[in-house]
Amino acid sequence: MDLYSTLSGTVEPLVTRHPDRVSLFVCGPTVYDYPHLGHARTYVVFDVLAKYIRWTGKEIFYLQNITDVDDKIINRAHEEGVSQSMLARKFEAEYIRDMRSLGIDAVNYYARATTHIPEIINQVDRLVARGVAYVTGSGVYFNVDMFGGNGELSGQDATKRVSLVTDTSKHHPLDFALWKLGEFGEYTWDSPWGRGRPGWHIEDTAISEKYFGQQYDIHGGGLDLIFPHHEAEIAQMESLEGKHPMVRYWVHTGFLTVKGEKMSKSLGNFITIRDVLRTWNKDVLRYFILLSHYRSPLEATKEGIANAGRALDHIRAVAKKDTGENQNARKAFTDAMESDLNTPMALAAIQALAASGDLSALKEFGEVLGINFLHETSATLSVLQDIRAELRAKKQFDVADMIRKRMIAAGITVTDLPL
RNA sequence: GCCAAUGUGGCGGAGUGGCUACGCGGCUGACUGCAGAUCAGCUACAACCCGGUUCGAAUCCGGGCAUUGGCUCCA
């Protein structure tokens, strides 16, 4: 398939290091609060990417980190009077719960920062030994002047930029912390440089190196991580042994916006996933997300989600009778997915499949997208439907209508065909 | 200031150098025990602006503008 990489700035054919095995690493959340719709977008997109690649017959290992040691967690735990681990475990569980309720199940392994401290320390140690990191009284820092490749992803040269932060202990204002020295309560570990905790960027490279090595195929995350986070990751990993590129395919999802502004925890304009799922089910939400291309901005509005819900209802209403394969629409679907995961086009193909009654393709592709395009049926429901059909045939409309009324009240969509 | 993403019809949203995706909404008709749904058709004659290349550009090139974001934590 073709995939856009931020590194090259173009769509290019996906050529993985092993023809039939794909390694995918996606930056997970910092677990200090409930996940919001912006997270839903990013993780639904990568869920679909992984499912699609798997569907094409390749083996994929999808690894995601969980940032469970960080300033925000420390502060929040302090505010709420709970331990850091209690807070982190709670919101990690909430995150996993929300991901499940969105039908996200393509991740093979969630790796916590705090369970990879030895790997982190080891990596920092090697960076110090290589001479690209140095130790001060406040921590271990990566020396950005020592890394030539900086700025590849973002187009920004870190050594030439102006920083708002002034920390006189650092050689260069933009040098970033690999290890922060100090006592941070529960999450403080011994290290060769003294007690402390990891910097922000190091966990990803320590984790990805452990499971994938210094080079792997796809690294994903939100657009907001390109700088400085992903640049820092490249600097760290490629400084170990000079292997380049660390990753060839950097896939970044566009922002989810609210009234034109990026949804974020810091802005406080976020809608949690569970709030949305109170009104709409995961099929509607996924349909809404996939209705726009993953790199475009996506404006979250009630109207937009409701619109997606109507479109999905329509597909289900049309897809009632199985009338065989629609090869053209099947090809259109895979062509769209092959083309930089063009889900809006893929959904157009889904509509065509529904219209032509290719139910087996709808089921199969629905699994790739994580959306159920067919009406759910159960034994109980079909018995009720049969009874109603008989009653209507006998023109006993009062009883038939009463059953329909009750079914609708119970949240079941009932649509009769003309007699 | 520097860097980046985005800019298409009432709305959402694709592709493609010329042959007008698709959906939602709206309109008309058909069908229908009733709701609803479905079916057929119509609707919008759209491309941020200014230049250029071309027989032809929304699509390629140049220059602007606007919105959002990154440069501090962020999916």
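Chain identifiers are assigned alphabetically (A, B, ...) following the order of the sequence lines, protein sequences preceding nucleic acid strands; residue numbering begins at 1 within each chain.
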Which of B/A14, B/A75, B/C24 is nearest the side chain of A/Arg310? It is B/C24

For A/Ile403 and B/A35, give me the distance from atom CD1 to atom C1', rounded to whole Å.
16 Å

Test A/Thr205 against every option in A/Gln123, A/Glu119, A/Glu233 by the side-chain hydrogen bond (donor to acceptor under 3.5 Å, both in side chains) rule and name the one that passes.
A/Gln123

Does this structure show an ion pair linking A/Lys259 with A/Glu299, if we count only N-O contacts that are shorter than 4.0 Å?
no

With hydrogens left out and only the distance checked, is there a donor-acceptor pair under 3.5 Å joining A/Arg392's side chain and the base of B/G33?
yes

Hey, does A/His314 reach any base, or is it just sugar-phosphate, or nothing, if we go heavy atoms under 4.0 Å?
sugar-phosphate

d(CG, A/Leu285; P, B/A75) in whole Å
18 Å

Once you apply a heavy-atom cut-off of 4.0 Å, does A/Phe288 come out as touching a base, just sugar-phosphate, or nothing?
nothing

Can you check the distance between B/U72 and B/G64, where both ends of the measurement are the C1' atom (answer in whole Å)?
31 Å

For the side chain of A/Asn307, counting heavy atoms from C-beta on, which of B/G23, B/A75, B/A21 is nearest?
B/G23

What is the distance, to the nearest angstrom, from the CG atom on A/Leu256 to the P atom on B/G13?
11 Å

I'd like to check, for A/Phe227, whether its ring lies over the base of B/A4 with centroids under 5.5 Å apart and a plane angle smaller than 30°.
no

Using the C1' atom on both, measure B/U20 against B/G9 and round to a whole Å.
12 Å

Are any of the side-chain nitrogens in A/Asp217 or A/Lys58 under 4.0 Å away from the carboxylate oxygens of its partner?
no

Please state the C1' separation for the pair B/A44 and B/G23 - nearest whole angstrom.
14 Å

Residue matched to B/A44 through Watson-Crick or wobble contacts both under 3.5 angstrom
none

Could you check whether the rings of A/His39 and A/His36 sit parallel, tilted or perpendicular, using 30° and 60° as the cut-offs?
tilted

Between B/G33 and A/Asp401, counting only base atoms on the nucleotide and side-chain atoms on the residue, is there a donor-acceptor pair under 3.5 Å?
yes

Reading RNA chain B from 5' onward, which residue's closest nucleotide shows up sooner: A/Phe255 or A/Leu225?
A/Phe255

Classify the side chain of A/Arg404 versus the base of B/A35 as yes if they form a donor-acceptor pair under 3.5 Å and no if they do not.
yes

Within the structure, does a side-chain N or O atom of A/Thr343 lie under 4.0 Å from either OP1 or OP2 of B/A14?
no

Once you apply a heavy-atom cut-off of 4.0 Å, does A/Asn342 come out as touching a base, just sugar-phosphate, or nothing?
sugar-phosphate

Across the strands shown, which category fits A/Gly28 at heavy-atom distances under 4.0 angstrom: base, sugar-phosphate, nothing?
sugar-phosphate

Other residues, nucleotides and ligands only: do more than 12 of their heavy atoms fall within 6.0 Å of CE on A/Met86?
no

Can you check whether A/Gly370's main-chain N or O pairs, donor with acceptor, with A/Arg286's side chain at less than 3.5 Å?
yes

Nearest-Å distance for atom pair CZ/C1', residues A/Arg295 and B/U68:
17 Å

Can you tell me the Watson-Crick or wobble partner of B/C60, both distances under 3.5 angstrom?
B/G52

Just name whichever nucleotide pairs with B/C2, Watson-Crick or G-U, keeping both distances under 3.5 Å, else none.
B/G70

When all nucleic acid strands are considered with a 4.0 Å heavy-atom cut-off, which category describes A/Ser296: base, sugar-phosphate, or nothing?
sugar-phosphate

When we call it a touch if two heavy atoms are under 4.0 Å apart, what does A/Val318 touch: a base, just sugar-phosphate, or nothing?
sugar-phosphate

Hey, are A/Arg89 and A/Asp68 close enough for a salt bridge, meaning a charged N less than 4.0 Å from a carboxylate O?
yes

Separation of B/G23 atom P from A/Arg316 atom CZ, nearest Å, is 18 Å

Separation between the C1' atoms of B/C31 and B/G36, rounded to whole Å
13 Å

B/C42 and B/C22, which share atom name P, separated by this distance in whole Å
11 Å

Using a 4.0 Å heavy-atom cut-off across all strands, classify A/His293 as base, sugar-phosphate, or nothing.
sugar-phosphate

Taking the same atom, C1', in B/A21 and in B/U8, what whole-Å distance lies between them?
13 Å

Taking CD1 from A/Ile218 and P from B/A75, how many angstroms apart are they, rounded to a whole number?
20 Å

Out of B/C22, B/A75, B/A14, minimum distance to the side chain of A/Met263 belongs to B/A75

Taking 4.0 Å as the cut-off, does a side-chain nitrogen or oxygen of A/Lys262 come that near to OP1 or OP2 on B/G70?
yes

Of the nucleotides B/G15, B/G13, B/A75, which one has an atom closest to the side chain of A/Met345?
B/G15

Considering every strand and a 4.0 Å limit on heavy-atom distances, what is the contact class for A/Gly221: base, sugar-phosphate, or nothing?
sugar-phosphate

Using the P atom in both, what is the distance from B/G51 to B/G56, to the nearest Å?
15 Å

So what does A/Thr6 touch, heavy atoms closer than 4.0 Å: a base, only the sugar-phosphate, or nothing?
nothing

For the P atoms, the ones on B/A5 and on B/C60, what distance do you get once it is rounded to whole angstrom?
14 Å

Counter-base of B/U38, judged by Watson-Crick or G-U geometry with both distances under 3.5 Å
B/A30

Between P of B/G12 and CG of A/Leu290, the distance in whole Å
18 Å

Across the strands shown, which category fits A/Ile226 at heavy-atom distances under 4.0 angstrom: base, sugar-phosphate, nothing?
nothing

Please determine whether a side-chain nitrogen of the Lys or Arg among A/Lys262 and A/Asp224 lies less than 4.0 Å from a carboxylate oxygen of the Asp or Glu.
yes

